[in-house]
Amino acid sequence: MSKLFIAGEVFHGAGTLEELKNIKGSKAVIVTGGSSMRKSGTLDKAVAYLAEAGIETQIFEGVEEDPSSETCMKGAEMIQAFQPDWIIGLGGCSAIDAAKIMWVFYEYPEADFDAMIKPFTVPVLRNKAKFIAIPSTSGTGTETTGLAVITDREKGVKYPIVSYELTPDIAIVDGEICASMPAHVTSNTGLDALTHCVEAYVSNIDNNIADALSKGGLEIVFDNLKEAVENPNNITARQNMHDASFMAGLAFNNAWLGIVHSLSHQVGALYGIPHGASNAIFLPNVIRYNAFATDRFPDLARVIGKETAEDLAQAIETLRSDVNNPSAIKEFGISREDWDKNLDYIANNALVDPCTGFNPRVPTLDELKAIYNACYEGVVYVEELVTG
């Protein structure tokens with residue numbers, strides 16, 4: 001028997017933020033990032049809709065990119081003092097992921113963050129509050145996943161906290177919220193959604209529903225991402241990308257991800273490279289690497305009118321270029337000396353990342369280092385160059 005894990009209720013379409021006025025409860029905390037949601041008016045709208053529902057609201061602002069465990073603890077203290085029955089993550093994935101972990105520490109103040117790094121160890125939630133996710137970026141699908149990525153600044157490591165307990169009770173997928181998203185964010189997050197589609201489809205978990213969502217999401221991204229980047233006020237393209245992000249999130253929530261994310265988590269934590277940008281650099285070469293172990297890539301290639309795994313890898317490279325994303329890690333100003341100094345560290349961390357366990361091919365440390373080096377230079381991964 002298999003169980004489909006999905007947000008309890010899903011409202012999608014332009015203007016669905018208004019569904020907040022129908023929420024039943026007494027108190028809510030909205031967790032958000034910098035100033036984008038306030039500047040766009042979305043935060044004020046959310047507060048007003050909750051007021052219509054008779055819900056008193058407090059706001060925790062300032063969640064940083066790649067949120068830290070320290071930020072999560074600070075937010076949990078504020079939430080603990082207010083005692084809400086709803087926690088709302090509003091904004092990019094960082095705000096929503098941080099809100100999820102604040103939720104855990106609100107319900108379990110003595111919980112051990114380090115213990116939760118092991119997958120599926122988050123304690124049972126919903127004893128004090130339920131969770132609403134309202135994304136402003138079309139990429140992570142965190143609004144329907146049991147995943148929160150939190151950074152340990154001291155160690156320079158990103159930890160994916162994995163538990164179905166973290167799957168939101170309500171997801172509001174409103175494309176209008178994305179209209180103010182800058183082009184580079186649209187590009188990065190859209191390529192992140194694309195990566196989710198590919199990795200979920202070829203993961204070592206068989207799931208027909210995840211497969212269909214992966215294919216559908218991939219097609220929508222290829223059809224809409226460039227338009228959303230070039231014409232940000234095209235709400236149809238925005239909503240399509242928002243839906244694709246949700247579909248990809250639902251796919252990987254039930255089939256999980258692979259070594260693209262394992263590799264990406266490390267360079268994000270150590271070098272601050274945007275997650276979608278690093279995913280888009282690693283994805284084509286990981287396709288080439290994994291093609292030795294799975295024959296599923298041609299299925300995805302045919303969705304976009306191509307035939308082979310290599311065709312798919314090249315199509316992704318073309319889309320990456322069309323939406324002005326970098327093709328090499330070194331383009332982020334990382335010197336070869338610095339890269340070589342940290343290569344063993346990040347490769348070892350990638351090897352033990354939870355996502356590695358769902359990859360269709362079991363990697364060695366030397367193989368991960370070879371993929372890292374090819375992607376640092378922006379060249380094609382060649383199997384024969386792996387040494388060990």
Side-chain angles (χ1 to χ4, degrees), residues 6-25 28-53 55 57 59 61 63 86-100 130-145 167-183 185-186 188-190 192-193 196 213 216-217 220-221 223-225 227-229 231-250 253 276:
I6 183 173
E9 292 184 272
V10 182
F11 302 100
H12 67 106
T16 48
L17 182 67
E18 190 174 0
E19 289 295 331
L20 286 175
K21 66 172 62 174
N22 298 318
I23 301 301
K24 305 298 182 186
V29 167
I30 298 176
V31 178
T32 190
S35 59
S36 62
M37 290 297 91
R38 187 174 289 281
K39 287 180 179 177
S40 70
T42 303
L43 181 58
D44 288 342
K45 283 183 181 179
V47 171
Y49 289 142
L50 290 167
E52 283 191 53
I55 295 176
T57 304
I59 300 166
E61 292 185 85
V63 175
W86 287 101
I87 296 173
I88 302 172
L90 171 64
C93 64
S94 294
I96 296 173
D97 284 3
K100 288 180 178 181
K130 292 184 178 180
F131 193 91
I132 302 173
I134 310 172
S136 65
T137 56
S138 307
T140 70
T142 188
E143 66 275 10
T144 192
T145 71
T167 305
D169 297 281
I170 297 175
I172 296 177
V173 187
D174 183 344
E176 287 184 353
I177 298 173
C178 306
S180 60
M181 196 193 322
V185 177
T186 303
N188 288 342
T189 55
D192 188 23
H196 296 158
L213 290 163
I220 292 172
V221 172
D223 286 347
N224 289 273
L225 179 55
E227 173 64 18
V229 170
N231 297 294
N233 292 318
N234 183 334
I235 299 300
T236 298
R238 289 291 198 188
Q239 187 64 51
N240 287 342
M241 284 302 304
H242 230 27
D243 288 344
S245 174
F246 179 88
M247 292 164 67
L250 182 52
N253 201 39

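Quick note: residue numbers are just sequence positions, from 1. Just the heavy atoms: all of them, side chains too, but no hydrogens, waters or symmetry mates, feed the values below.
- A 4.5 Å side-chain heavy-atom check between His242 and Phe246 finds every atom pair outside the cut-off.
- A donor-acceptor pair under 3.5 Å is absent between the side-chain atoms of Glu52 and the main chain of Asn22, judged by distance alone.
- From Met247, atom CE reaches atom OG1 of Thr144 across 12.0 Å, with rounding to the nearest 0.5 Å.
- Of all the heavy atoms in Thr16 and Ile172, the pair that sits closest is O-CG2, 3.5 Å.
- What you find for Leu90 and Ala46 is that their closest heavy atoms are CD2-CB, 4.4 Å.
- Between the side chain of Lys39 and the backbone N or O of Ser180 there is no donor-acceptor pair closer than 3.5 Å.
- Contact of the Pro168 side chain with the Lys100 side chain is registered, since non-hydrogen atoms from C-beta on lie closer than 4.5 Å.
- Within the 4.5 Å cutoff, side-chain heavy atoms of Ile170 are placed close to those of Trp86.
- The shortest distance between side-chain heavy atoms of Ile30 and Leu50 falls below 4.5 Å.
- Heavy-atom minimum distance, Met241 versus Gly190: CE-CA, 3.7 Å.
- A distance of 10.0 Å separates CD of Glu143 from SG of Cys93, quoted to the nearest 0.5 Å.
- Between the CD1 atom in Ile132 and the CD1 atom in Ile23 there is a gap of 4.0 Å [rounded to 0.5 Å].
- His196 contributes atom NE2, which lies 8.5 Å from atom OG1 of Thr145 (distance to the nearest 0.5 angstrom).
- No side-chain heavy atom of Pro135 sits less than 4.5 Å from a side-chain heavy atom of Thr140.
- The two residues Ser136 and Met37 have their closest heavy-atom pair at CB-CE, 3.5 Å.
- Atoms CD and CG, from Glu9 and Asp169 in turn, are 9.0 Å apart once rounded to the nearest 0.5 Å.
- Checked by atom type and distance alone, the side chain of Asn231 never pairs as donor or acceptor with a backbone atom of Asn234 at under 3.5 Å.
- Considering only residues two or more places apart in sequence or on other chains, Asn233 meets the side-chain hydrogen bond (donor to acceptor under 3.5 Å, both in side chains) condition with none of them.
- Counting only N and O atoms by type, the side chains of Glu227 and Asn224 include no donor and acceptor under 3.5 Å apart.
- Residues Val31 and Ile96 have side chains not in contact (no heavy-atom distance under 4.5 Å, counting atoms from C-beta outward).
- Scanning all heavy atoms of the two residues, the minimum distance from Met181 to Thr137 falls at CE-CA, 3.6 Å.
- Asp243 places a side-chain heavy atom less than 4.5 Å from the side chain of Val173.
- You'll find the side chain of Ile134 reaches within 4.5 Å of the side chain of Leu20, heavy atoms only.
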